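Model, not experiment: these values are computed from the prediction.
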Amino acid sequence: MLHKRHALLMLVAFLLLFSMAFAEESQDTEIETIEESVMLDDDNNVIEEETTTETVDQTARNDFIERIISLGHDLYVKANGKSQRAHYASDIYVCKNFTVYLFRQNRDDFRMAEYPDVQLVIPNNLPKAQCKPYSYGLAWEDIPASEGNPFYEAATFRYDTSLSQEENFQLACDFMRQAQRGDYFQMSAKYEYGTGAHSAIMLGYDAETDEIHWMDSNMRGGKKNGIRYGIVQYDEVKSVEWWANAFCKKIRGATLYRLRDDIIYAP
């Protein structure tokens, strides 16, 4: 009788062990199936579907920016330090003409995802009468994205007479620290190079040195036989305070325009 009870206990124990092993095997198999369905990159990192979509859009936007900057560099190299004519309305080396030219030469390969059938455009400067009570040159016309404008106001500075000069200057410096690579910059200034409107393209803000890198045309220049000539600049560097001093004055200011995040390649 004792032997039979012992044999029965052994059988029950064996069945329990077999059931547990089967459960573990089934669980392991299920986990392996889930892992096989996950997409991995070259470094074995999991690729999320949403992240992949954002990366594609961001790649087109970055490509657009880099093409603009690359063409600006090519024109800088071509000029070889020599002043270029920046006098007539058709001269591409006039400050705003220069930035517009770089944009238009590269825009045809790109669109906005929200308006894929609309060609990209860049707004003109806001007319003088519409700038009041401020001076001409600190802003662009307000063209809607539906009509092709791929830029939005990333940051603005307008001199505020209700604040002290010191408070305005701090705000102007904080404004410049928001500059990012590819931003289009527009200001009404009064500084060492002249008085009036100027356009530039930002190459980035260096937080360690508190400096701005940029490219432009005709910030520096002069006249010869009554004709204006301007110097093409690339990767110029000045402090945030230098920039703030240029436009932190009564009736003046500046704007940073940034490309939208939904830039895609043209269909």
Is any side-chain heavy atom of [X] closer than 4.5 Å to a side-chain heavy atom of [Y]?
{"X": "Tyr184", "Y": "Ile122", "answer": "yes"}
{"X": "Tyr93", "Y": "His87", "answer": "no"}
{"X": "Arg220", "Y": "Ser83", "answer": "no"}
{"X": "Phe98", "Y": "Val232", "answer": "yes"}
{"X": "Phe103", "Y": "Thr99", "answer": "no"}

Of all the heavy-atom pairs spanning [X] and [Y], show the shortest one and how long it is.
{"X": "Ser188", "Y": "Ser135", "result": "OG-CB, 3.4 Å"}
{"X": "Gln165", "Y": "Cys248", "result": "NE2-O, 3.5 Å"}
{"X": "Arg107", "Y": "Arg111", "result": "O-NH1, 4.1 Å"}
{"X": "Ile69", "Y": "Met215", "result": "CA-CE, 3.5 Å"}
{"X": "His198", "Y": "Ser217", "result": "CE1-O, 3.6 Å"}
{"X": "Gly137", "Y": "Ala197", "result": "CA-CB, 3.5 Å"}

Determine, stepwise, if the pair Glu241 / Asn245 fulfils side chain to side chain donor-acceptor pair (under 3.5 Å). CA-CA 6 Å; Glu241 292 189 350; Asn245 274 315; 5.7 Å; no

Enumerate the side chain to side chain donor-acceptor pair (under 3.5 Å) contacts for residues 222-232, please, sequence neighbours excluded, ordered by first and then second residue.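 Qualifying pairs, neighbours excluded: Asn218-Arg228.
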
Just how far is it from atom CD of Gln170 to atom OG of Ser164, taken to the nearest 0.5 Å?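 Output value for this atom pair is 10.5 Å.
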
What is the distance from atom CD1 of Ile263 to atom CE of Met112, rounded to the nearest 0.5 Å?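 Answer rounded to 0.5 Å: 6.5 Å.
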
Shared-cluster residues of [X], by chain and number - hydrophobic side chains joined below 4.5 Å:
{"X": "Tyr136", "value": "none"}
{"X": "Tyr193", "value": "Phe157, Tyr159, Leu163, Leu171, Phe175, Met176, Phe185, Met187, Tyr191, Met202, Tyr205, Ile212, Trp214, Met219, Val240, Trp242, Trp243, Phe247, Leu256"}
{"X": "Tyr134", "value": "Leu138"}

Distance-only criterion, 3.5 Å: show the donor-acceptor pairs between side-chain atoms of residues 113-121 and protein atoms not counting sequence neighbours.
{"unit_1": "Glu114", "atom_1": "OE1", "unit_2": "Arg260", "atom_2": "NH2", "d": "2.8"}
{"unit_1": "Gln119", "atom_1": "NE2", "unit_2": "Asp108", "atom_2": "OD1", "d": "3.1"}

Please collect all salt bridge (charged side-chain N to carboxylate O under 4.0 Å, His left out) contacts where either partner lies in residues 203-212, sequence neighbours excluded, each pair once.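 Listed once each, the pairs are Arg177-Asp210.
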
Under the 3.5 angstrom rule, does the side chain of [X] hit a backbone N or O of [Y] as a donor-acceptor pair?
{"X": "Glu66", "Y": "Phe64", "value": "no"}
{"X": "Lys249", "Y": "Lys190", "value": "yes"}
{"X": "Asn168", "Y": "Asp160", "value": "yes"}
{"X": "Arg158", "Y": "Ala254", "value": "yes"}

Going by the rule side chain to side chain contact (heavy atoms under 4.5 Å, CB included), which residues pair with [X] if we only count those two or more places apart in sequence or in a different chain?
{"X": "Ser90", "value": "Tyr88"}
{"X": "Tyr101", "value": "Leu71, Leu75, Ile92, Gln105"}
{"X": "Asp109", "value": "Arg67"}

Partner residues of His213 under the side chain to side chain donor-acceptor pair (under 3.5 Å) criterion, sequence neighbours left out: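 For His213 the side chain to side chain donor-acceptor pair (under 3.5 Å) partners, ignoring immediate neighbours, are Asp235.
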
Sequence neighbours left out, what passes salt bridge (charged side-chain N to carboxylate O under 4.0 Å, His left out) with Arg85? Give chain and number order.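 Once residues adjacent in sequence are excluded, the partners of Arg85 under the salt bridge (charged side-chain N to carboxylate O under 4.0 Å, His left out) criterion are Asp91.
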
I'd like to know if Val100 and Ile65 are part of one continuous hydrophobic network [Ile/Leu/Val/Met/Phe/Trp/Tyr, side-chain heavy atoms within less than 4.5 Å].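 Linked within one cluster.
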
What side-chain donor-acceptor pairs closer than 3.5 Å can you find for residues 140-156, not counting sequence neighbours?
{"unit_1": "Trp140", "atom_1": "NE1", "unit_2": "Gln186", "atom_2": "OE1", "d": "3.2"}
{"unit_1": "Asn149", "atom_1": "OD1", "unit_2": "Phe151", "atom_2": "N", "d": "3.0"}
{"unit_1": "Asn149", "atom_1": "ND2", "unit_2": "Ile143", "atom_2": "O", "d": "2.9"}

